[in-house]
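When reading the values below, keep in mind they use all heavy atoms of this one structure, side chains included, and skip hydrogens, waters and symmetry mates.
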Amino acid sequence: MASENSPLLAYRLLGEEGVAFPANGTGGPGGASARKLSTFLGVVVPTVLSMFSIVVFLRIGFVVGHAGLLQALAMLLVAYFILALTVLSVCAIATNGAVRGGGAYFMISRTLGPEVGGSIGLMFYLANVCGCAVSLLGLVEAILDVFGADAAGSSGLRVLPQGYGWSLLYGSLLLGLVGGVCTLGAGLYARASFLTFLLVSGSLASVLVSFVAVGPRDIPLTPRPGPNGSSLPPQVGHFTGFNSSTLKANLGAGYAKDYTTGAVMTFASVFAVLFNGCTGIMAGANMSGELKDPSRAIPLGTITAVAYTFFIYILLFFLSSFTCDRTLLQEDYGFFRAISLWPPLVLIGIYATSLSASMSSLIGASRILHALAQDDLFGVILSPAKVVSRGGNPWGAVLYSWGLVQLVLLAGKLNTLAAVVTVFYLVAYAAVDLSCLSLEWASAPNFRPTFSLFSWHTCLLGVASCLLMMFLISPGAAGGSLLLMGLLSALLTARVGPSSWGYVSQALLFHQVRKYLLRLDVRKDHVKFWRPQLLLLVGNPRGALPLLRLANQLKKGGLYVLGHVTLGDLDSLPSDPVQPLYGAWLSLVDRAQVKAFVDLTLSPSVRQGAQHLLRISGLGGMKPNTLVLGFYDDAAPQDHFLTDPAFSEPADATQEGGSPALSTLFPPPRAPGSPRALSPQDYVATVADALKMNKNVVLARACGALPPERLSRGSGGTSQPHHVDVWPLNLLRPRGGPGYVDVCGLFLLQMATILGMVPAWHTARLRIFLCLGPREAPGAAEGRLRALLSQLRIRAEVQEVVWGEGAGSEEPEEEEEGDFVNGRRGDAEAEALARSANALVRAQQGRGRGGGPGGPEGGDGEEGPTTALTFLYLPRPPADPSRYPRYLALLEILSHDLGPTLLIHGITPVTCTDL
């Protein structure tokens, strides 16, 4: 995809000697030297000719004759109102910055992004190609009506042979003439358009003078075929001159059968014909690459052209209603020739408008195609369109478009394509309105157009009006065009990477997110709407990928932040080393397919950096409430980048855009025995800091042993059955009874339940172990727990285990929480208790296997469900910091060889039995 230059940089370089813009730069094709068209020649003339087209000569009688003056004026007002809304949007976008080649495509793509802009740009290009072919075939038919050998009537020189082959030949010759003019450059096109403009203006002037100068006359009409093939009696139309009776008769509608199609006209069908002829408002904008000052020329020239054509249409409607009876208007759409002082001048006007419309469509199509090719949206298929002449004319795009028009000409009659062409134009107009609407709604500070006669109301009304007109003109074509746009957008989304153009969708999301974050009031939080909002501190993601994905499963739609602390002091560094790291971490999030934000900080120590992140991560009501850490042990770090399919890549691979491969952006895992960035003392202190800040804490151990299917985004239903074990009792505080029903125990139950909602864990069976003291009767506590689980809507298997026998069986009646952790009991006794608790948990894990408590070796049965993950109660760290290493040693003993384990301490109420 083509790179973008800063407008400020472009303006600075413009004055430097020897510096040239790239081919797609501000100067459009060929650079600044190609910008030589004025507002009048580059915008007013092509827009006027495109909006007149052949309608101004051959459809005035059709519209007024069927709809009457009042409805015709209403149609014209509605049509121009719709067009004016789009013109306002075009003017706003064109005056908001440097406009390059490509016209409407450039405006849409640089606002809505390459996916939408590219799809609509291609449709707009095809509309111009087909519009050129339609104009040429219309010109051929107009010529053959007068000079064709088989034409009805006796007037004219009947010298031109007729038939499909001859029509194709005439169309190809005219296309060669039009293509030759466009190939030689915008300068010749502008001169040819100006000459055409003079001819059309002279022809219209003669018609306007004829309405006044010609006296009343009867005009014989061509006999029409009857129902049985016989001719109807000849009719006579009357040109009455200015007559109030004629005006009165023409005020109301008189819908009748159209003699060219045989269909009875309605308001919608007549309006569609009128609107089809007025959709050339982008003809000047398409020449943006050749205009001296497009930001001034496009709005000024387009508004001038629209006002001028509107005035001419109004004048012709009034003059026709005052002077021509309804029979003449309905039975001879080309009555201008019959009332003209010099009929050949009307023919010249008809031919000139058709020729100019085809030239405008062809050169507009070539500029759109050249811009599409320069942006590399469709690959090598458009490569020939990049070729430009020394003077900056994209003759490669002209020849490419010429070839496509020639192919369309082979289809012959294109009446069915006329509606499709108009619908494609309307899609582009709606997209321009949508672009302006998005910019206005986004409230971006850099959107400050010098043209201010618009608002989001006009943009929204423009979008709705264009969509309404699409379905009014042709519902089938409208539905097909929207489907085609969706398919092309999907193709470009899959093919095109992120662009440097800027996406207005990001600005809109920012605007909406800011608005709703302000409305997210933490004072209105309620426990029944609680969800985990995680801050996962990661040292090196190479060794933390399984934990990174497990945390993504635990967040349950809540906030998920990946935090990393870079050690250093900004005072001693020339620049912030953290900012360049964001790209690598964001790429990691994309590759791992987790929904996480990234927050990095610089700090002299990991503990201080963790405090920073705990305090400042998140925004407003979206702030982490749970800290997740990997377990601090002596296990050798694994490099999961080498085994994870999402991160497997060749050693010399590079990412899109030429950036280094992701595996080269993170250092290799720490070697066993090498120094650590975090000491055991600071590790436990970080846990204590989080609890002091009222954050829940999760310590994850051995998550690398989780099978990949448990960490995938899909369903894990095809894997073997497994358990998730929850021990909601502080095993380092050996008390029996209902000690599990504290805040921390309920927090464990909630987190385990949340994990079971993830598709990959749907097949897991939740087991809750209820610890009984040696003197407590079984059954009573289990009943209370089952009642609680029923109220909390948690499905789980409850198992009672006796805890307190052996080590710890001599515990006193009242044991203060933390006695073993805080050292009030001996270290040896505390270690014995931790080993006993570890053995108890491992024994319960083994009971799920076919061989009994000892595992599969104890029997010859098939292996049963295994424990995939264990949730343990994490005791609070001791109050004395000197006991931190001993506390960590107890946790090491407690969780040793248990497989994937989460040690959790929750201090937030998270369960609710209310509705």
Side-chain angles (χ1 to χ4, degrees), residues 49-83 127 130-131 133-139 141-142 145 224 250 252-281 306 309-310 312-318 320-321 324 326 328-336 349-350 353-354 357-358 361 413-427 429 465-466 468-478 481:
L49 293 176
S50 296
M51 295 189 71
F52 276 157
S53 66
I54 206 168
V55 173
V56 73
F57 290 102
L58 297 181
R59 288 296 180 265
I60 295 295
F62 170 83
V63 174
V64 177
H66 288 286
L69 177 61
L70 296 180
Q71 289 193 19
L73 291 176
M75 291 179 184
L76 191 66
L77 288 172
V78 172
Y80 269 78
F81 176 73
I82 295 173
L83 296 176
C130 294
V134 170
S135 298
L136 288 173
L137 286 178
L139 177 57
E141 291 181 2
D145 282 343
R224 307 297 176 200
N250 287 330
Y255 295 107
K257 185 179 293 185
D258 175 21
Y259 70 83
T260 61
T261 62
V264 177
M265 293 295 97
T266 62
F267 182 90
S269 59
V270 174
F271 184 50
V273 170
L274 174 64
F275 194 83
N276 282 342
C278 303
T279 53
I281 57 175
V306 170
T309 55
F310 179 74
I312 295 298
Y313 275 123
I314 288 284
L315 190 57
L316 290 175
F317 281 2
F318 271 105
S320 299
S321 301
C324 302
R326 195 175 293 273
L328 177 61
L329 295 175
Q330 290 185 345
E331 298 297 330
D332 186 3
Y333 300 150
F335 72 94
F336 283 176
I350 294 173
T353 53
S354 298
S358 60
S361 296
K413 301 292 184 181
L414 287 180
N415 291 334
T416 55
L417 273 182
V420 177
V421 171
T422 303
V423 166
F424 278 16
Y425 278 131
L426 287 171
V427 170
Y429 298 166
S465 300
C466 290
L468 178 63
M469 278 305 307
M470 286 167 53
F471 286 94
L472 180 64
I473 291 173
S474 176
S481 65

| said: Any non-hydrogen side-chain atom of Ile350 less than 4.5 Å from a side-chain atom of Phe336? | reply: no

| said: As an exercise, state the distance from OG1 of Thr422 to CE of Met470, rounded to the nearest 0.5 Å. | reply: 11.0 Å

| Leu83 and Val306, any side-chain heavy atoms less than 4.5 Å apart | no

| request: State, yes or no, whether a side-chain contact exists between Phe424 and Cys130 at a heavy-atom distance under 4.5 Å. | output: no

| request: Would you give the length of the straight line joining atom CG of Leu49 to atom CE of Met51, rounded to the nearest 0.5 angstrom? | output: 11.5 Å

| query | Rounded to the nearest 0.5 Å, what separation is found between the CG atom of Leu426 and the OG atom of Ser474? | reply | 11.0 Å

| task | Please report the closest heavy-atom contact between Ser481 and Val423, naming both atoms and the distance. | result | OG-CG1, 3.4 Å

| field | Which atom of Ser354 lies closest to which atom of Ser135, heavy atoms considered | value | O-CB, 3.8 Å

| How close do Ala268 and Leu472 get, heavy atom to heavy atom, and via which atoms? | CB-CD1, 3.6 Å

| field | ring pair (Phe, Tyr, Trp, His ring centres under 6.0 Å) partners for Tyr425, two or more places apart | value | Phe124

| said: Are the side chains of Phe271 and Ile473 in contact, using a 4.5 Å heavy-atom criterion? | reply: no

| query | Are side-chain heavy atoms of Phe335 and Ser320 found at a separation under 4.5 Å? | reply | yes

| said: Are the side chains of Ile312 and Phe52 in contact, using a 4.5 Å heavy-atom criterion? | reply: yes

For residues 59-76, which side-chain N or O atoms pair as donor and acceptor with protein atoms under 3.5 Å away, sequence neighbours left out?
| residue | atom | partner | partner atom | Å |
| --- | --- | --- | --- | --- |
| His66 | ND1 | Ala256 | N | 3.3 |
| His66 | NE2 | Tyr333 | OH | 3.3 |
| Gln71 | OE1 | Tyr255 | OH | 2.5 |

| request: Just grab all the side chain to side chain donor-acceptor pair (under 3.5 Å) pairs involving residues 72-81, residues at least two apart or on different chains. | output: Tyr80-Thr309

| said: Could you measure the distance from the OG atom of Ser321 to the CG atom of Asn250? Nearest 0.5 Å is fine. | reply: 5.0 Å

| field | Tyr429 vs Ile281 side-chain heavy atoms within contact, under 4.5 Å | value | yes

| Taking every non-hydrogen atom, the tightest pair across Phe317 and Leu274 | CZ-CD1, 4.3 Å

